[in-house]
Amino acid sequence: MIWADDMEFIHCQTAFIRSHGVPPATIELLRKRGYNTIDATCPFVKRAQNIAHELEETGIRLLL
């Protein structure tokens, strides 16, 4: 297993998303580059991300 915050260091076919999650754009970029992705984002983290995204779409700015 290799921990990589920079996609240039990934030299395999599958990317495992850690429990802290990554931005949706990162997952989309991995998929566009042909990687299989396993998203193991914690359900509590995913819920918080979804709420933040919904608030952002309504014009509410968040500072975390």
Checklist entry - Does the pair Ile38 and Ile17 meet the rule for a side-chain contact (heavy atoms from CB on, under 4.5 Å), with working shown? => result CA-CA 6 Å; Ile38 299 172; Ile17 308 303; over 6 Å; no

Next on the checklist: Would you say that Thr37 contacts Thr14 through its side chain, given a criterion of any heavy-atom pair below 4.5 Å between the two side chains?
Outcome noted: no

Next on the checklist: Looking only at side-chain N and O atoms, does Glu57 offer a donor or acceptor that is under 3.5 Å from a partner on His53?
Outcome noted: yes

Checklist entry - How far apart are the closest heavy atoms of His20 and Gln49, and which atoms are they? => result O-NE2, 3.9 Å

Checklist entry - Between atom NZ of Lys46 and atom OG of Ser19, what is the distance when rounded to the nearest 0.5 Å? => result 12.0 Å

Next on the checklist: Which heavy atom of Thr41 sits nearest to which heavy atom of Gly21, and what is that distance?
Outcome noted: OG1-CA, 3.4 Å

Item to check | Same apolar cluster: Ile51 and Phe44, side chain cutoff 4.5 Å | outcome: no

Checklist entry - Within a strict 4.5 Å, meaning less than it, do heavy atoms of the Asn36 and Arg31 side chains meet? => result no

